Every structure is written in structure tokens, then in C-alpha cells.
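Hydrogens, waters and symmetry mates play no part in the numbers below; they use all other heavy atoms, side chains included. Note that this is a predicted model, so its numbers are computed, not measured.
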Amino acid sequence: MARPKGLIRQILDARAQARRREEAELRRLHQLAMAEERKAAAEHHRRAKQAESAAKRAEAQRLREQNKAGRLAEQAARAAEQRQRADQRRREADERSRTQQAAAVRRAVEAAEDERKSSEAQFRTAAVAGKLDAFARLLLDRNRSAAAATLELDGALRHGGGQALVECLQRVLARSRYPEGMSCRVAARYEPNPRELLVEYEFPPQSVVPTVTAYRYGKAKGMQPVPRKDAETKELYGDLLARLTLRTLAEAFAATPPDAVTGIVFNGYVSTKDKATGQDVRPLLISINADRERFALVQLDEPQLDPVLCLRQHLNAIVSPHPYDLEPVRPVVSFDLSKYKFVDEMDVVAGLDSRPDLLHLKPVEFEHLIRQLFEKIGMKSWVTQASKDEGVDAVAVNGDPIVGGLCIIQAKRWSKIVGVESVHALAGVMEHKRAAKGVLVVTSWVGKASRDFAYANGRIEIIEGRHLKSLLKEHLNIDVLISLPTRPPGWSDADLT
């Protein structure tokens with residue numbers, strides 16, 4: 001019975017040992033598993049730590065980069081702000097510089113403008129003084145070479161008559177030099193019987209005399225003229241006209257032959273506007289009949305010579321008492337129309353046919369037709385009485401003081417040539433009446449001798465039939481016929497029909 005118990009024990013012990021070995025194995029496996037688990041946990045922890053560390057490092061790196069980017073941005077912002085401030089300072093500096101430069105330029109320009117205007121004021125003042133000095137030197141600066149033209153004028157008179165002398169004299173006077181704003185505008189006529197020269201001179205207007213004495217410039221008021229006293233301005237103008245008169249007389253006497261011109265009738269006019277009417281007027285301010293011998297006593301180069309006093313007291317000139325105010329005077333020589341007996345005017349034009357024949361008109365009708373023609377041209381005309389008219393059919397006056405004057409008209413309603421004796425007769429009447437001009441109006445024609453005589457006389461004009469026909473058409477709008485029996489030399493059929 002003891003053996004089985006041992007076997008069982010053995011079995012039980014074996015089982016117990018196997019169980020212990022199994023438990024030990026389990027414990028070992030459990031320990032291995034635990035160890036593995038701890039190792040895995042440790043690895044996991046380690047990796048987690050690593051991941052955390054990497055995350056922290058990444059975060060730290062990100063923060064560093066962010067901080068760096070922030071610092072860079074701040075630096076860029078600071079740099080941009082600095083640049084902006086620098087640009088602003090530079091712009092402000094540039095603006096200050098430009099402002100300063102502009103101010104400097106403006107000051108320089110203002111200074112230059114002030115200097116220019118001051119210089120201009122001085123220049124204007126000097127110009128005024130120079131102009132008055134030129135006025136004062138008019139007599140000293142006269143054309144002293146005029147005397148060299150005496151032989152030329154003497155030859156012109158002998159070969160071409162009075163008109164040639166006048167034309168030559170006008171060329172001599174035109175060589176005179178005058179101050180700025182003035183010129184020598186002279187018309188003349190020669191009277192051979194009294195050996196006189198009629199000179200009509202165009203004076204400069206009052207505006208030629210400066211109404212200021214000087215110019216001053218100041219920054220506050222600018223350019224300011226210093227006005228001249230009215231009395232001084234008027235005195236200067238009167239003195240200027242007197243000097244121009246004496247100068248013209250001196251040059252005319254010097255240029256003309258003494259045996260041909262013993263005296264000069266001088267009339268000085270000025271063209272202006274009548275302030276009361278606005279009409280053109282031409283008052284006579286100085287009129288003088290100067291004798292050559294008496295004028296030769298005047299010392300024109302004497303500085304103390306008073307031109308106005310010389311004219312009034314020595315030469316007995318008629319001088320306007322107030323020339324600046326254009327107060328006119330009466331001329332020493334005028335046209336006396338009272339010696340002519342005039343007939344009542346007749347309107348011939350109104351009673352004419354559409355195409356009248358000049359040769360069919362009555363003599364008085366033809367004379368009045370000529371009168372109306374001259375009036376239409378611009379002259380005042382009268383027809384004289386048929387009896388004792390001394391060869392004068394009509395009288396006309398041109399009011400122009402330079403080229404005007406008394407005009408004697410002879411009208412010949414002839415159908416044949418008008419001989420040279422008619423031209424000679426007209427010249428004789430002109431000299432007797434002291435007329436400025438003579439006009440011979442004929443319905444026919446004249447010969448070469450008549451034309452040559454008229455040209456040599458210089459003051460006679462001949463109007464032949466064809467010229468008369470064109471004048472009547474132009475001025476009176478009358479288309480006339482001239483029924484001459486024969487056509488004159490050089491005429492065409494249109495000249496007659």
C-alpha cells in the first residue's frame with residue numbers, strides 16, 4: 001500500500017513541479033511581457049519625449065523664425081520709416097532750398113526790374129531833355145548846305161520857270177534834318193513880278209512838346225511822370241514854331257537866287273481837330289512877309305536870340321497870341337474875291353439831255369457846267385459876269401492852305417484848235433490877279449506850242465475836250481458828245497461820241 005502513495009505523490013509532486021514550472025514560466029513570460037511592455041512603454045515614452053522635444057524644438061524654431069521675421073519686419077519698418085523720414089527731410093530740405101532759391105531769384109528779378117525801371121526813368125528823362133535840346137538847336141542845326149543850291153535853283157528858274165524853281169527848292173528843304181516827330185512839309189509858289197516866294201508850312205501838333213519834365217520810379221508808386229507846368233509847355237510850343245519859321249526862311253533865302261527872290265511870304269498851319277465839333281481844322285498860327293535884306297540882319301547862331309521876339313518885333317510877323325491853344329491869325333496875304341463880279345448860279349446839269357452835245361450848249365450854260373464840275377471836284381467856284389471879266393470866265397478857290405489858292409478859269413466852247421494866244425492871255429490874267437493857278441478848259445484841242453508854254457509856266461493846266469469828257473463822266477456822271485467837224489490828232493472816235 002506504500003508504493004501507490006508514493007507514485008501518487010510523485011505524480012502530484014510532478015504535477016506540482018510542472019505547475020510550478022508552468023507558473024514560473026508564466027511568471028517569466030509575464031515578467032518578459034511586463035518587461036517588454038515596460039520597454040515598449042519606455043520606447044513610447046522616449047519617442048513621445050522625442051516627439052515632444054522635436055515639437056518643442058520646432059515650435060522654438062518657429063518662434064525663433066517668427067521672432068526673426070518680426071525683427072526683420074520691425075527692422076524693415078524702421079528702415080522704411082527712416083527712409084520715409086529721410087525722404088520727408090530731403091523733400092522739406094529741397095522745398096526750403098527751392099523756396100530760398102525762388103525767393104533769391106524773385107529778389108534778384110525785383111532788384112533787376114527796379115534797376116531796369118530806374119534806368120528807364122533816367123532814359124525817359126534824358127529823352128525829354130534831349131528832345132528839348134534838339135528843339136533849342138533847330139537854328140544851329142539848319143541845313144547850311146542850302147546855299148550851295150543857289151546856282152541849281154537859278155538854272156531851274158531860267159529853264160523851267162517858277163514851278164521848276166519851286167520843285168528844286170522843295171528838294172533842297174527836304175534834305176534838312178529834323179528832330180524825331182517832326183518833318184519838313186512845305187509847299188511853295190513863285191511870283192515872278194514881285195519876286196516873291198509863297199511858302200506854306202505844316203507845323204507839328206502840340207503833342208510834339210513833352211508835357212513832363214522827368215520820370216521818377218519808386219517801388220511803392222511805380223513809374224511816375226513829373227508834369228510840366230502848362231505855361232511852360234505852351235511857351236515851349238510857341239518857341240518851337242518860331243524856330244521852325246526862322247529856320248525855313250533861312251534855308252529858303254539861302255537856296256534861292258537873291259535877284260529872283262527878294263521876299264518870302266510864310267504861312268504856318270497845323271492840322272488838328274476842333275474840340276467843339278470834332279471836324280478837321282487847320283488854323284494859321286504864324287504869317288509873315290519877310291524881306292531878304294531885313295532877314296539878313298538876324299543872327300540865327302546867337303544863343304541869346306529870342307525867336308518869338310525876332311518874329312514879332314524885327315520881322316513884323318503875325319504870330320498867334322496863343323499858339324498852343326490853336327488861336328488862328330489872319331494871313332498877311334489872302335485872296336481878295338471882292339474884285340470879281342459874280343453871276344447867280346445856274347444848275348445846268350439838271351436841265352441837260354441824257355447825252356448832251358457840248359457844242360450845242362449856250363456859252364453861259366457851258367461856263368456854269370464847268371463851275372459845277374470844279375465844285376464837284378472840291379473847289380468853291382463862281383461864274384463871272386460876261387462884261388468886263390478881263391478874260392476870266394470863272395473863279396475857283398481851293399481851300400487847302402498848302403496846295404490851294406485862287407484859280408482863274410477860262411472856258412472855250414470851240415470846235416477848232418485853240419491857239420497859243422489864249423494860253424498867253426490866261427497867263428497875263430493870272431499875273432494881274434496874283435492867282436495861284438490858271439486852267440484853260442476847251443471842248444476841242446490845243447497845239448504843241450500851247451502845251452510847251454503851259455509846262456514852262458508851271459501854274460497853267462490845259463483840259464482838252466476828251467479829258468473834259470472823262471471828267472464830266474467821272475464827277476457829274478454826264479456822258480457828253482462833242483460834235484467836232486474833224487477828229488483832232490491822236491483822238492479816237494470814243495473821245496467824241
Side-chain angles (χ1 to χ4, degrees), residues 85-141 177-185 202-244 247 270-281 283 285 303-309 319-327:
R85 286 199 296 269
D87 291 342
Q88 180 66 24
R89 288 194 296 271
R90 186 167 54 253
R91 286 193 296 271
E92 291 175 353
D94 292 344
E95 183 64 25
R96 285 195 299 273
S97 178
R98 285 194 295 271
T99 303
Q100 292 172 355
Q101 291 177 359
V105 170
R106 185 170 59 254
R107 289 193 298 271
V109 170
E110 290 176 353
E113 182 67 11
D114 290 341
E115 181 67 21
R116 186 190 67 79
K117 290 183 177 179
S118 297
S119 299
E120 181 183 351
Q122 296 175 3
F123 176 80
R124 289 189 178 186
T125 301
V128 171
K131 196 168 188 178
L132 295 184
D133 182 66
F135 292 171
R137 293 185 58 84
L138 272 170
L139 294 177
L140 294 176
D141 294 341
R177 299 179 63 87
Y178 284 82
E180 182 180 359
M182 288 188 289
S183 61
C184 179
R185 293 184 57 191
E202 178 73 16
F203 283 135
Q206 309 102 307
S207 58
V208 75
V209 177
T211 56
V212 299
T213 59
Y215 288 87
R216 294 174 182 171
Y217 173 73
K219 289 185 177 181
K221 296 183 179 180
M223 188 73 69
Q224 293 290 319
V226 180
R228 189 182 304 277
K229 294 181 179 179
D230 290 343
E232 183 184 358
T233 302
K234 294 178 178 180
E235 182 180 355
L236 284 172
Y237 187 65
D239 181 80
L240 171 63
L241 300 189
R243 290 179 184 274
L244 290 172
R247 171 177 170 149
V270 61
S271 297
T272 184
K273 294 283 186 179
D274 188 340
K275 293 183 179 180
T277 64
Q279 298 291 326
D280 292 330
V281 293
L285 300 183
Q304 296 185 7
L305 175 69
D306 186 331
V308 177
L309 198 63
V319 181
S320 171
H322 305 289
Y324 192 85
D325 297 325
L326 306 177
E327 184 175 332

Open item on the list: As a quick check of understanding, evaluate side-chain contact (heavy atoms from CB on, under 4.5 Å) for Lys273 and Val281, giving each step before the final call.
Closed with: CA-CA 6 Å; Lys273 294 283 186 179; Val281 293; 5.8 Å; no
Check: residues 234-244 side-chain donor-acceptor pairs under 3.5 Å, at least two apart:
{"unit_1": "Tyr237", "atom_1": "OH", "unit_2": "Pro204", "atom_2": "O", "d": "2.7"}
{"unit_1": "Asp239", "atom_1": "OD2", "unit_2": "Arg243", "atom_2": "NE", "d": "2.7"}
{"unit_1": "Arg243", "atom_1": "NH1", "unit_2": "Ala136", "atom_2": "O", "d": "3.2"}

Open item on the list: Within this structure, what is the CD-CD distance for the pair Glu113 and Glu120, rounded to the nearest 0.5 Å?
Closed with: 8.5 Å
Task: Pair Arg89 + Glu92: basic N to acidic O under 4.0 Å - done: no
Open item on the list: Within this structure, what is the OH-CD distance for the pair Tyr215 and Gln224, rounded to the nearest 0.5 Å?
Closed with: 11.0 Å
Task: Ion pair check, Glu95 and Arg91, cut-off under 4.0 Å - done: no
Task: Heavy-atom donor-acceptor pair, Arg247 side chain to Leu138 backbone, under 3.5 Å - done: yes
Open item on the list: Check this for me: Phe123, atom CZ, are more than 12 non-hydrogen atoms of other residues, nucleotides or ligands nearer than 6.0 Å?
Closed with: no
Task: pair Val105-Arg98: side-chain heavy atoms closer than 4.5 Å - done: no
For residues 320-327, which side-chain N or O atoms pair as donor and acceptor with protein atoms under 3.5 Å away, sequence neighbours left out?
{"unit_1": "Ser320", "atom_1": "OG", "unit_2": "His322", "atom_2": "N", "d": "3.3"}
{"unit_1": "Ser320", "atom_1": "OG", "unit_2": "His322", "atom_2": "O", "d": "3.4"}
{"unit_1": "Ser320", "atom_1": "OG", "unit_2": "Glu327", "atom_2": "O", "d": "2.5"}

Task: Nearest-0.5 Å distance, CZ of residue Arg137 to CG of residue Leu132 - done: 14.0 Å
TODO: Using a strict 4.0 Å threshold on nitrogen-to-oxygen distance, state whether Arg177 and Asp141 make a salt bridge.
DONE: no
- [ ] Spell out, as yes or no, whether a donor-acceptor pair under 3.5 Å connects the side chain of Lys131 to the backbone of Val208.
- [x] yes
TODO: Find out whether Asp280 and Ser271 are in side-chain contact, i.e. whether some heavy atom of one side chain is under 4.5 Å from a heavy atom of the other.
DONE: no
Open item on the list: Given 3.5 Å as the limit, does a donor-acceptor pair link the side chain of Ser118 with the main chain of Asp114, or not?
Closed with: yes
- [ ] Side-chain contact test, heavy atoms from C-beta onward, threshold under 4.5 Å: evaluate it for Thr272 versus Pro283 and give yes or no.
- [x] yes
Task: Approximate separation, where rounding is to 0.5 Å, of Gln100 CD and Arg107 CZ - done: 8.5 Å
Open item on the list: Between Tyr217 and Arg124, is there a side-chain heavy-atom distance shorter than 4.5 Å?
Closed with: no
Task: Check: Arg228 and Val212 side chains under 4.5 Å, non-hydrogen atoms - done: no
Open item on the list: Holding to salt bridge (Lys or Arg N to Asp or Glu O under 4.0 Å), I want the full list of residues that pass it with Asp306, two or more places apart in sequence or in another chain.
Closed with: none
